[in-house]
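First up is the structure itself, then whatever we jot down about it.
When reading the values below, keep in mind they use all heavy atoms of this one structure, side chains included, and skip hydrogens, waters and symmetry mates. The chains referred to below are lettered A, B, ... by the order of the sequence lines, with proteins before strands, and numbering in each begins at 1. Values in this document were obtained by computation on a predicted structure and should not be read as measured data.
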Amino acid sequence: MTPEPVARDPGARPGTLAWLLLAPLLAWLALFVVVPALLLLGCSLGERDEFGQVLWGFSLENYARLLDPVYLRIFLRSLGFAALTTGLCLLIGYPVAYHLARAAPRVRELLLLLVMVPFWTSFLVRTYAWMAILREEGLLNALVAWLQPAWAPLGLLYTPAAVVTGLVYSYLPFLILPVYASVEKLDGALIEAAHDLGAGPWRVFPTVILPLTLPGIAAGVTLVFVPAVAMFAVTDLLGGARVPLIGNVIQNQFLQARDWPFGAALGVALLGLFLVSQLVLRALRPRGALRG
Amino acid sequence: MSASIELDGVGKRYGAFTAVREVRLTIAAGEFLTLLGPSGCGKTTLLRMIAGFEAPTTGRILLGGEDITGIPPHRRPVNQVFQGYALFPHLSVRGNVAFGLRMRGVPPAELGRRVDDALALVSLEGLGERFPHELSGGQRQRVAVARAVVCRPQVLLLDEPFSALDAKLRQAMRAELQALQRRLGMTFVLVTHDQDEALALSDRIAVVNAGALEQVGPPREIYHRPATDFVADFVGHANLLPAERIGGSAGRIAVRLAGGLELDVPAERWPAGRGATRAVVRPEQVVLRPWRGEERPAGRALVTAVEFRGDREHLQVALREGGGLTLTAVHPGGEGDAADFAVGAEVAIGIPADHLWFLPGG
Amino acid sequence: MKFKTLNLPGRLAALLLALLPLAARGAGQLNLFGWSEYVPQPVLEGFTRETGIKVNFETYSSNEEMLAKLVAGGGRYDLVQPSDYTAEAMIRRKLLQPLDRARLAGLGNLAPEFTGRAHDPEGRYTVPYMSGSVGIVVNTEKVKTPVRGYREVFQAAHRDRIVVVNDSRELVSWALYALGQPVNTVDAASLARVRPLLAEWIKLVKVFDSDSPKTALLNGDVDLGVVWSGEAALLWRENRKFQYILPAEGAHQFVDVLAIPAGARNVAEAHRFIDYILRPEVSRQISAAFPYTNPNLAARRLLTPDELANPASYPQGGKLESFRDIGRAAADIDRLVTDLKSAK
């Protein structure tokens, strides 16, 4: 049954108690998010001296360097990888989340647990596990050799495919969980109503289910896309560090090239990118009573 | 074009539990039929089977003579008004109403016209751009009705459509719904546990109990001539008094009721071939007047409880000679003689013989 | 120069540790800042047992990282372990303090070719720790043709079977060697010259790995590569099919040194540690764990024949050269290699 809208006093403001409870969170946000972001911004306006130290100042030179086709290409490639990863996660994760949400309660709990079990192991260890699976003398090739001895071993490790596999594997749960939450809130009666009104099983999805689970999808997409763009460990390990992504370039600036201001400028650019994408996502959100 | 529905031996079992037992029922085209029964009796299951959301384990369902048992819900020319309305929150009122037409590929011009018509039909013109969360309960219900009706189904199903509304609104909506059905001439099947609703709206009522039909018939028949204890007691209130045939002469049968009351009833009202059965005495059939101390003892009673209902009072009266048998009686409200029928008052009851009903099943 | 760098958690841990304020004072303490996987734990424990000095050991995985923290942090570290060209830059910038050679009795143990090197001709600021080279390692079971130089490594026949260290400066140096150019002249002109050659080479590489290039070789994902001698030595220990050769065109020899930062507080303890390392039996412990080229002759005499025979630890012949500090050009190198890698 659709509940009546809760009347809220528009003039009410959070009381002292509310601010007190929020204070630790706000302090944490200020100290670990706002201040570092400002430092980053400040650093990006500086320059590197002979010795690799940061000379604080005001120079837009680093931002000009960003426009170098070398780095633009890397940005685009990183976005492409992240988009591919996000797309695959959606393709695989959405059906999983959907069926998870509509499964019987006990089965559902077990399946949810299975989705979250990988988090009990460190991310890096899991990536190494993939290396063990994908390498030439690894588990996958052992399986292939056992099934089809005539086939040559698959050279999967150190390829872009391996990188995407690793990324999708790592980020899949981040998509499944928000979508699951969204689907769970879906009123089954709505789907029946759609059927009743003539929507076949395939049409119900785009007309009713998809629009109503859009908040979950949006959340999931953000949780996957944003970290995937800046990923560098997976490319190094599974990709053999062959194709530099923006994360690798930034890492290089801080370690090997010792050009912190430029690295900071790259970081600021990434941040800007995310802000823009968030604004776009918000604008695309459907009207109506969809609250998360 | 509305159609008839035939339920031919339709039953539903969930494992060991039987929700619906082999129901045989024909609903005429254009009829307003109510499935009435208590919670869990299977009436909703029946409705869902007609809609196509549940598949019967036995039997078939025919719509206008055609077997639709195997047809999925999205292809049945049947539409439903859901209990919670199930309005699509992401679509406006117009969007909701237009949904079914969109699914059928109705061209935009015609679609717009039909949506306007449907909104006018339920008096919601001008609210087309609102969203469900911006509407009141009554308005939402109307949208749900419009959405279903605009598709011109052969049968409209309604699942407890008024349960979320307050009493006043419920009455108003009831009247509107009835007018709508008359106007459209569409077959309506309503599911409810509210007998007032059933009595007021239906052309026929099918009383459902534990998965089976106890009685099907027009409201007056259900009320005045219940076929079983259950129907008698579920629809309206019934005082079931043991009745014994003690004699008879031409055209009339002498009956003694519990409590010592003796009556002569028309022969045709007594179930043939039975020596004893039960009489269904409706509260409004019990005649009350203050005890004046001079009558024969039969019919003498004491008021043990009074329930004020505004326009009338429900009284519990205990028969002196009935071994404590208690009847529910109704006394018209009105402040004048309230004291005569207060708790503790002595009253005389009378039961008119001609319109008494005796249960055929005993 | 030790490049067996830490993985991500290690780097993060090192960065985090660097941010924590260290209690650098207190007699009986030594704040050692060194390469990861370069100073064996038993050596540290032995030092503490003998002297009672507690060693606070922090690690880094690149010279640049070390410099960054040192310059930012001040007198927190008492002993650092830069590579030769980094030490050179540090001396120029007065980041190191002179050593009191009187306190270092074991200096005589060092082989003469490791003292008096360009970065510190009079050995006033640094003491060699370990040396090594960057050379060619070949899985001789898979690669039958002889591989003697860079050009023979980077051939079409070896496409996708090559591993190299993920170090831009190294890559550029090899190209410079192959072109017969001076390896320490890195400017716009020399970079333009190596660009086409490097572009081709990079396309042939399967794995770039500075942390553990031996893994790819051991797993059979690659057949040959250009790696740190320490990695190659470990490979040879594992299986003698892995042969190590110094490239004919020229090879980079690095010497990692111990030095005391200018702002260090536990100077006496630092000297004691250096002297401890100079002892033959201690130095041989280091060689046993990390089979680089040991500059300590007295220690070498304690090594087993097998250890000495390791072609990666003690390579024969070859044209060896040290890196010099190139200042800003490091950024240009990074840009070039990034560009070439992303062009694939």
Side-chain angles (χ1 to χ4, degrees), chain A residues 1-8 10 94 98 101-102 104-107 178-179 181-219 281-292, chain B residues 47-48 50-54 72-93 95-106 129-137 139-141 143-144 147-153 155-157 159-160 163-165:
Chain A
M1 220 186 63
T2 28
E4 296 280 3
V6 176
R8 224 177 247 128
Y94 192 96
Y98 187 81
R102 305 192 80 77
R106 241 174 313 151
V107 178
V179 172
S182 225
V183 175
E184 217 218 341
K185 277 194 282 196
L186 204 59
D187 187 359
L190 292 174
I191 298 181
E192 283 191 348
H195 281 312
D196 180 68
L197 291 165
W202 290 107
R203 285 197 82 175
V204 182
F205 183 75
T207 50
V208 176
I209 300 176
L210 195 63
L212 290 175
T213 53
L214 220 48
I217 295 176
L281 269 179
R282 275 184 146 225
L284 286 178
R285 262 222 288 193
R287 230 195 100 185
L290 296 176
R291 291 176 212 113
Chain B
L47 197 78
R48 286 173 67 81
I50 299 173
F53 295 120
E54 305 272 357
H74 62 277
R75 278 197 248 131
R76 293 192 190 192
V78 168
N79 284 116
Q80 186 169 344
V81 177
F82 290 79
Q83 187 169 5
Y85 316 132
L87 297 182
F88 302 123
H90 63 293
L91 296 176
S92 65
V93 166
N96 268 279
V97 175
F99 191 87
L101 299 176
R102 251 179 48 212
M103 292 299 116
R104 274 153 239 256
V106 172
E129 298 311 314
R130 295 249 191 112
F131 278 78
H133 70 282
E134 295 166 329
L135 301 173
S136 71
Q139 289 170 326
R140 285 187 213 170
Q141 205 238 30
V143 175
R147 183 176 73 176
V149 159
V150 79
C151 300
R152 300 190 191 142
V155 176
L156 186 70
L157 305 172
D159 188 0
E160 308 211 35
S163 58
L165 305 173

- Go through Asp196(A) and Phe53(B) one step at a time and tell me if the side-chain contact (heavy atoms from CB on, under 4.5 Å) criterion holds. CA-CA 9 Å; Asp196(A) 180 68; Phe53(B) 295 120; 3.9 Å; yes
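Of the two parts of Val78(B), only the backbone, made up of N, CA, C and O, holds a non-hydrogen atom closer than 4.5 Å to a non-hydrogen atom of chain A. Interface remark: Phe82(B) contributes side-chain atoms only to the contact with chain A (heavy atom separation under 4.5 Å).
When side chains are defined from C-beta on, Glu192(A) does not count as touching Gln80(B), because their heavy atoms never get closer than 4.5 Å.
Across all non-hydrogen atoms, the minimal contact from Ala86(B) to Ala189(A) is CB-O, 3.8 Å. Considering all non-hydrogen atoms of both residues, Ala199(A) and His74(B) come closest at O-CB, 3.3 Å. In terms of heavy atoms, Leu190(A) sits closest to Phe88(B) at O-CE2, 3.4 Å.
For the pair Arg104(B) (side chain) and Leu197(A) (backbone), a donor-acceptor distance under 3.5 Å is present.
Rounding to the nearest 0.5 Å gives a distance of 4.5 Å between OG1 of Thr207(A) and CE of Met103(B).
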